[in-house]
Structure formats: structure tokens, C-alpha cells
Number of protein chains: 2
Amino acid sequence: MRSDERRALVLEAATRVFGERGYHGATTDAVAREAGVSQPYVVRMFGGKEAMFLAVLDRAIDRILGAFEADIVALEAEGRAGDEDAVSACLGRSYVDLLGDRGLLLSLMQAFMLGSEPVVGRHAREGFRRVYAYLRERVGLDPDAAQDFLSRGMLLNTVVGLRMVDDYESDENVHELLDELLPTKIDVLLALRGDAT
Amino acid sequence: MRSDERRALVLEAATRVFGERGYHGATTDAVAREAGVSQPYVVRMFGGKEAMFLAVLDRAIDRILGAFEADIVALEAEGRAGDEDAVSACLGRSYVDLLGDRGLLLSLMQAFMLGSEPVVGRHAREGFRRVYAYLRERVGLDPDAAQDFLSRGMLLNTVVGLRMVDDYESDENVHELLDELLPTKIDVLLALRGDAT
DNA sequence: GATAGTTGTAATCGGATGATTACAAGACGG
DNA sequence: CCGTCTTGTAATCATCCGATTACAACTATC
């Protein structure tokens with residue numbers, strides 16, 4: 001296997017482990033086992049646990065902004081890039097698709113709780129600012145729409161982190177909340193039930 | 001010192017530690033040092049790390065619902081309990097006040113990412129459902145308003161977790177986002193800057 | 001003042017953790 | 001065929017983790 005392929009594999013494994021166990025709780029050994037390589041290897045590959053987490057974080061935000069950018073390009077081709085409601089809806093659908101990668105979203109949320117960490121915290125703030133600036137400057141959302149979009153996203157992350165879909169059938173309130181939150185995409189979440197990813 | 005006072009002290013210390021380091025990353029020893037007691041003591045006091053986290057989680061949700069209940073009682077006394085906008089705004093202000101306890105909010109968020117844990121995950125889902133059911137049934141919010149309220153709350157948690165206020169003056173976008181998110185209560189967040197709590 | 005219960009700690013155990021070192025197996029240019 | 005760079009692992013280290021045990025100090029009740 002080529003070196004960059006293996007690096008990508010380890011990065012995906014690290015995303016899952018950091019997402020489930022958090023930054024402090026994740027172990028380089030768990031990442032190594034998940035990726036099928038030795039523990040010293042992942043340490044040397046990234047230079048340490050902290051650097052590995054920064055790589056996971058950067059990749060997560062790159063993937064989100066990459067998906068958004070594809071949407072914007074497509075909307076521009078259709079001449080609908082000025083319709084703020086259409087743009088928000090389109091980006092929202094893309095974000096829901098990203099929820100399928102549980103590790104990705106959870107790693108992001110984990111990073112968002114680390115504001116007190118000197119290095120990781122600064123990096124996480126910078127990542128969040130990148131997303132906000134993208135929504136305002138590239139997507140063209142006004143402050144109110146951008147805040148609304150981000151709010152909805154954070155609630156989605158929470159619902160995924162909690163595995164709320166597991167109670168979709170059994171609890172009336174959960175059913176109602178998820179239907180309201182995901183008018184057209186509930187199937188994406190339901191597909192995650194029982195998925196140990 | 002009385003036993004229940006010391007228990008409350010340990011619970012507060014545990015809230016701070018779990019908030020900063022997450023469930024897996026927190027150590028009973030760190031909680032003990034933070035509370036000024038010995039490590040075996042905190043283990044025996046709660047029966048183990050998991051039970052201690054459940055106690056932290058329950059207390060956090062009780063405090064939130066307690067603050068909301070006080071608002072509702074006050075609004076009922078004024079005869080304004082039917083005005084959905086006034087109620088939402090009032091509860092929102094109470095929630096922002098709770099953000100002053102960084103550990104409380106972060107412990108909650110940490111719990112919300114543990115959906116895959118058999119015991120803690122079920123407890124966390126139940127706590128979230130309690131809040132949603134309270135908003136719907138006691139506060140009287142309709143599904144859309146309840147979702148909106150929760151969304152805003154999750155974004156607030158994220159912004160606090162990231163310590164975004166640290167960049168309030170230095171970054172134009174951050175300034176704009178926080179002003180929009182906290183029209184009247186920005187001072188509450190600004191007071192948190194540099195606070196190691 | 002003896003007995004029992006409560007409140008707290010010191011010492012310690014098996015196991016895990018991040019990182020370092022040393023080494024093996026191949027690839028590749030000369 | 002030989003030096004060297006890359007890719008990977010085994011062994012190991014000092015440290016830390018949650019939990020258990022054993023024990024000390026205090027309090028209350030009879």
C-alpha cells in the first residue's frame with residue numbers, strides 16, 4: 001500500500017476514535033488498532049497525539065467546506081446563487097449527508113469543547129471562523145441567516161451524537177423533533193441506527 | 001464540614017473536570033484534587049466514575065430546568081405565560097446566565113456526544129428528552145419554536161466551549177456573530193474571558 | 001466508656017498510555 | 001552488490017488510571 005493511502009486510512013481511524021472518546025480519552029493505540037498498524041507508527045506519522053488531532057480537525061473542516069463549495073458551484077451554474085433560501089436549503093442537505101460520517105461530526109464537536117487548550121483551542125476557533133467566514137463571504141448569507149444555519153447544524157450534531165434516532169419510533173417527542181429538524185432527510189439519520197461507526 | 005456539603009463540592013469539581021476533559025479523559029484523581037479530597041474518597045462516594053458522571057449530568061439538567069421553572073412561575077404571575085415570544089426570550093436570558101458556569105454546559109455537551117455508550121448514552125438521551133418535553137408541555141412552545149430554542153442553545157454552547165469571546169475584539173466576524181447571537185447579554189460572555197473555570 | 005457507624009486517607013495493584021529506541025524488510029540509484 | 005531512504009514493527013520505559021484494601025479519626029448512642 002502506498003504511503004499516502006495508509007496515512008488517509010490512519011486519519012479516518014483517528015477521526016472515529018477521537019469522535020467517540022474525545023481528545024483526552026482517545027489513545028494512539030486505539031487509533032493504531034483501528035487502522036491495522038502499529039502504535040509507534042501512528043505516533044511517528046503525525047509527530048504525536050496533538051498533531052494528529054489537528055490533522056483530523058483540518059480534514060473535517062476541509063470536507064465540509066468542500067461539500068459546500070461543490071453546492072455553490074452547482075448553484076452558480078444554475079443561476080440560483082442569489083436565492084438565499086435555496087442556497088441555505090441546498091447546503092443544509094449537503095450537511096445532513098455529511099452526518100453519515102459519525103466520526104467526522106463528533107470529532108468536530110469534540111474540538112469545539114477544547115477552547116481552553118492553548119494549541120488545539122486556537123486551531124478549533126480558527127476552523128469555526130473559517131466556516132462562518134465562508135458562509136458570510138462566499139455563500140453570501142447575512143448574519144442572521146448564517147447564525148440560523150450554524151444553529152441548526154449544531155442541533156443536528158447533538159442529535160447525532162446522542163444517537164437520538166434510536167428512539168425515533170419509541171418516543172413521540174423524539175419523532176416530532178426529528179421530523180421537524182429533517183423534513184426531507186430523515187432516512188439519512190435512520191440509516192445510522194445500530195451503526196457502530 | 002457536613003457530608004452533603006462535601007458531596008456538593010465534589011460534584012461541582014467533577015462538573016468542571018468532566019467538562020474540560022470529557023468523560024473518558026477525566027480522572028477521578030483530578031476531581032479529587034480539584035475538590036481537595038482524596039481519590040479513593042470520590043470513587044467510593046459515587047461508586048465509580050460512571051455513576052459520578054451520571055450524577056453530574058442529572059444535576060446539570062436539574063439546574064437548567066429549575067431556572068426555566070422559576071421563569072415560568074414568574075411569567076404566570078404576570079399573566080404573560082401565553083406570549084410565546086416573551087417566554088422564549090425570558091428562558092433564553094436564563095440560559096445565557098447559566099453559561100457563566102462553563103463546566104455545567106461543557107459537561108452537558110460531553111454527555112451529548114456519548115450516544116454510543118450503553119449506560120451513559122441512554123441517560124443522556126433521557127436528559128435531552130426531558131428538556132424537550134419540558135419546552136413543549138410545560139412551557140407550551142410549538143415544535144418549531146422548541147427546535148429553534150434548542151438550536152440557539154447548542155450554538156451558544158459551542159461558542160462557549162470554543163472560548164470564542166477571546167476573539168471578540170480581534171476578529172470582525174466573531175464580533176458580528178456574538179452580537180447577533182446575544183443581542184442584550186454579550187457582557188455575560190465577555191465576563192468569561194480568561195476565566196479558567 | 002465501650003460499641004458501632006460515619007468520614008476520610010495512605011498504600012498499593014493490575015493494567016493502560018504516549019513516546020522512544022532499536023531494529024527488520026524492502027526499494028532504488030550508482 | 002552496496003549504501004541509504006522509506007516503511008513498518010517489537011520491545012520497553014516512565015507515568016498515570018480506576019479501584020480495592022486496610023486503617024485512622026471522629027461522633028453518637030447506650
Side-chain angles (χ1 to χ4, degrees), chain A residues 1-57 103 107 110-111 113-114 116-121 123, chain B residues 1-57 103 107 110-111 113-114 116-121 123:
Chain A
M1 184 178 302
R2 283 206 331 267
S3 165
D4 55 340
E5 289 177 11
R6 196 168 290 265
R7 187 188 162 92
L9 217 69
V10 173
L11 212 48
E12 284 173 31
T15 300
R16 286 192 294 274
V17 173
F18 279 123
E20 290 300 329
R21 314 237 341 155
Y23 172 60
H24 295 287
T27 69
T28 55
D29 187 58
V31 173
R33 267 183 281 115
E34 184 95 5
V37 298
S38 69
Q39 180 263 341
Y41 188 37
V42 313
V43 170
R44 204 182 44 186
M45 180 178 265
F46 294 97
K49 180 166 142 174
E50 184 177 85
M52 183 164 61
F53 187 73
L54 297 185
V56 164
L57 178 52
S107 287
Q110 300 284 2
M113 311 276 102
L114 294 171
S116 298
E117 293 283 324
V119 176
V120 176
H123 214 83
Chain B
M1 184 177 302
R2 284 207 331 268
S3 165
D4 54 341
E5 289 177 11
R6 197 169 290 267
R7 186 188 162 93
L9 217 68
V10 173
L11 211 48
E12 285 173 31
T15 300
R16 286 192 294 274
V17 172
F18 278 124
E20 290 299 329
R21 314 234 344 151
Y23 173 60
H24 295 286
T27 69
T28 56
D29 187 57
V31 173
R33 266 182 282 117
E34 184 95 4
V37 297
S38 69
Q39 180 262 341
Y41 189 36
V42 313
V43 170
R44 203 183 44 187
M45 180 178 267
F46 295 97
K49 180 166 143 174
E50 185 177 85
M52 183 165 60
F53 187 74
L54 297 184
V56 164
L57 178 53
S107 287
Q110 300 285 0
M113 297 197 266
L114 294 171
S116 298
E117 294 282 323
V119 176
V120 176
H123 214 84

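Quantities reported herein were computed from a predicted structural model and do not represent experimental measurements. Just so it is clear: chains get the letters A, B, ... in the order the sequence lines come, proteins before strands, and each one is counted from 1.
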Looking only at the side chain of B:T27 (C-beta and beyond, no hydrogens), which of the listed nucleotides D:dG8, C:dT17, D:dG18 gets closest?
D:dG18

Hydrogens and angles aside, do A:H24 and A:E117 bring a side-chain donor and acceptor to less than 3.5 Å of each other?
yes

To the nearest angstrom, the CZ-P distance between A:R21 and C:dG18 comes to 10 Å

Between B:F46 (CZ) and C:dT7 (C1'), how many Å, whole number?
15 Å

Interatomic distance where NZ belongs to A:K49 and C1' belongs to C:dT17 [whole Å]:
8 Å

Can you tell me the distance, in whole Å, between the OH atom of A:Y41 and the C1' atom of C:dT21?
18 Å

Between C:dT7, C:dA22, D:dG18, which nucleotide has the shortest distance from any of its atoms to the side chain of B:Q39?
D:dG18

Can you measure B:R7 atom CZ to C:dT6 atom P for me and round it to whole angstrom units?
15 Å

Among C:dT9, C:dA19, D:dG8, which nucleotide has an atom closest to any side-chain atom of A:R6?
D:dG8

A:R44 vs A:A30, nearer the 5' end of DNA chain C by closest nucleotide:
A:A30

Within the 4.0 Å heavy-atom criterion, would you say A:A26 contacts the bases, only the backbone, or no part of the nucleic acid?
sugar-phosphate

Interatomic spacing from OG1 in A:T15 to CE in A:M52 - rounded to 0.5 Å:
9.5 Å

D:dG8 P sits how many Å from A:D4 CG, rounded?
11 Å

With a 4.0 Å cutoff (strictly under), does any side-chain N or O of A:S38 reach OP1 or OP2 of D:dG8?
no

By nearest atom, which of the nucleotides C:dA10, C:dT20, D:dC17 is closest to the B:P40 side chain?
C:dA10

Testing the basics here: between A:L9 and A:A35, what is the closest heavy-atom pair and its distance to 0.1 Å?
CD2-O, 4.1 Å

Of the nucleotides C:dT20, C:dT9, D:dA19, which has the atom closest to the B:T28 side chain?
D:dA19

Mark yes or no: B:K49 above the aromatic ring of B:Y23, with NZ or CZ under 6.0 Å from the six-membered ring centre and no more than 45 degrees from the axis.
yes

Could you check how far CE of A:M45 sits from C1' of D:dT9, rounded to whole Å?
13 Å

Between CG of A:D29 and C1' of D:dC16 the distance, given in whole Å, is 15 Å

So which of B:R2, B:R6, B:R7 actually passes side-chain hydrogen bond (donor to acceptor under 3.5 Å, both in side chains) with B:D4?
B:R2

